[in-house]
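Step one of this worksheet: look at the structure below.
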Protein chains: 2
Amino acid sequence: MVAAAEVVHRQGVERTTIADIARAADVPVGNVYYYFKSKDELVVAALSEHTRQLDLLTDRLNQLADPRERLKGLVEAWVSQRDVAARYGCPTGTLAMELDKRDDGGLDAEAGKVMRLLLDWVEQQFRELGLPEPDGLALTLVGAYQGMSLLANALREPRVMDREGARLLAWLDSLEVA
Amino acid sequence: MVAAAEVVHRQGVERTTIADIARAADVPVGNVYYYFKSKDELVVAALSEHTRQLDLLTDRLNQLADPRERLKGLVEAWVSQRDVAARYGCPTGTLAMELDKRDDGGLDAEAGKVMRLLLDWVEQQFRELGLPEPDGLALTLVGAYQGMSLLANALREPRVMDREGARLLAWLDSLEVA
DNA sequence: GTCTATAAAAAGATAGAC
DNA sequence: GTCTATCTTTTTATAGAC
């Protein structure tokens with residue numbers, strides 16, 4: 001399953017065939033359909049895998065006492081993934097974009113939920129810092145991450161992540177608590 | 001051709017069949033292959049269409065005397081497209097993401113070039129304003145646009161574009177010239 | 001140049017042996 | 001539960017009449 005999520009991230013949903021998944025998991029094609037009734041079910045599973053990864057990260061960051069340090073830890077986690085982001089984009093962002101193009105019944109909304117999960121966690125940190133409009137700040141921070149990932153990917157330039165990451169860290173430090 | 005680019009934007013490259021294009025242009029399928037040797041050629045043409053649209057916009061903005069006003073005009077143009085952005089994402093950004101997933105010979109690099117075109121124009125405006133690190137500022141502005149488009153799309157929430165657009169306008173106003 | 005019909009390939013899905 | 005073989009559908013692409 002972890003392997004499947006990685007292949008989907010690399011190749012995209014539409015270009016990933018069941019045969020690709022089978023090869024990655026080192027099982028025959030027919031076997032895949034024993035675990036997943038359809039390709040759509042497999043995509044849902046890949047999405048769950050991203051949710052799980054996000055939960056692991058936020059659980060780890062929640063150990064930190066200062067909300068500001070949690071947010072800075074988040075940015076550092078993003079930057080540490082600069083090479084994979086430059087090569088394949090943000091996993092959640094690329095998946096959300098692709099699922100949006102599908103006319104299947106509500107699978108696209110599922111991707112939005114993962115993004116919401118991230119936004120909500122970030123908003124909570126800003127709220128704990130006592131800053132005004134924590135939801136707006138969350139949009140700005142997560143939006144900046146999605147944007148820098150896309151640019152790093154389009155330009156094939158991992159350093160975009162370093163540069164924008166440093167700017168975000170400085171920005172977080174500059175915010176005055178109430 | 002304009003119709004083709006729109007369909008590709010709405011459905012994505014992979015999910016757009018030649019039949020879809022033919023229907024949009026109101027011609028039979030076989031006809032499409034008279035104008036484009038392959039689907040890849042058609043994608044290249046769609047990309048050129050985006051470049052053309054970008055040229056039209058920057059030409060118009062170049063009429064403005066003040067570089068800062070040009071940049072604000074750019075942001076306003078983005079926000080004015082909020083509904084289409086919330087529904088289908090930024091045309092250039094979504095296309096760049098999708099083409100990146102393909103292993104075709106260098107088609108993905110073409111998408112990067114369109115993004116570069118936009119970044120270069122924005123950087124030039126910051127440069128004319130006499131601001132330090134105009135390339136970094138361009139990354140921040142264009143990245144913010146890509147990010148807000150992706151979030152508006154993932155959340156199906158056009159108001160994200162209004163909110164972040166207003167923030168970007170205020171940011172542009174706040175930058176002190178040398 | 002335009003259209004219809006059809007070939008060729010790829011991918012999703014299933015049947016059934018083991 | 002696992003694997004092979006195969007069916008079905010979809011889509012790209014072409015051949016050839018008009």
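Residue numbering restarts at 1 for every chain, and letters A, B, ... go by the order of the sequence lines. Quick caveat, the model's predicted, so the values are computed rather than measured.
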Between [X] (side chain only) and [Y] (backbone N and O only), is there a donor and an acceptor less than 3.5 Å apart?
X        : Y        : result
A:Glu110 : A:Gly106 : no
B:Glu49  : B:Ala45  : no
A:Gln81  : A:Ala77  : no

Provide, to the nearest angstrom, the distance between the [atom1] atom belonging to [X] and the [atom2] atom belonging to [N].
X       : N      : atom1 : atom2 : result
B:Asn31 : C:dT2  : CG    : P     : 6 Å
B:Asp20 : D:dT10 : CG    : C1'   : 12 Å
A:Lys39 : D:dT10 : NZ    : P     : 14 Å
B:Tyr33 : D:dG16 : OH    : C1'   : 17 Å
B:Tyr34 : C:dA5  : OH    : P     : 21 Å
A:Ile18 : D:dT8  : CD1   : C1'   : 15 Å
A:Asp40 : C:dA11 : CG    : P     : 17 Å
B:Arg15 : D:dT10 : CZ    : P     : 12 Å

Original post:
Knowing that exactly one of B:Leu56, B:Thr58, B:Leu57 qualifies, which makes a side-chain contact (heavy atoms from CB on, under 4.5 Å) with B:Arg60?
Top reply: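 That would be B:Leu57; it is the only one of B:Leu56, B:Thr58, B:Leu57 passing the side-chain contact (heavy atoms from CB on, under 4.5 Å) with B:Arg60.
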Subject >> Sugar-phosphate, base or nothing in reach of A:Tyr35, heavy atoms under 4.0 Å >> reply: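 Contact class for A:Tyr35: sugar-phosphate only.
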Subject >> Side chain of A:Thr17 - closest among C:dA13, C:dG12, C:dT2 >> reply: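 Selected nucleotide: C:dG12.
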Original post:
What's the closest nucleotide to the A:Val29 side chain, out of C:dC3, C:dG12, D:dA5?
Top reply: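 Closest nucleotide among those given: D:dA5.
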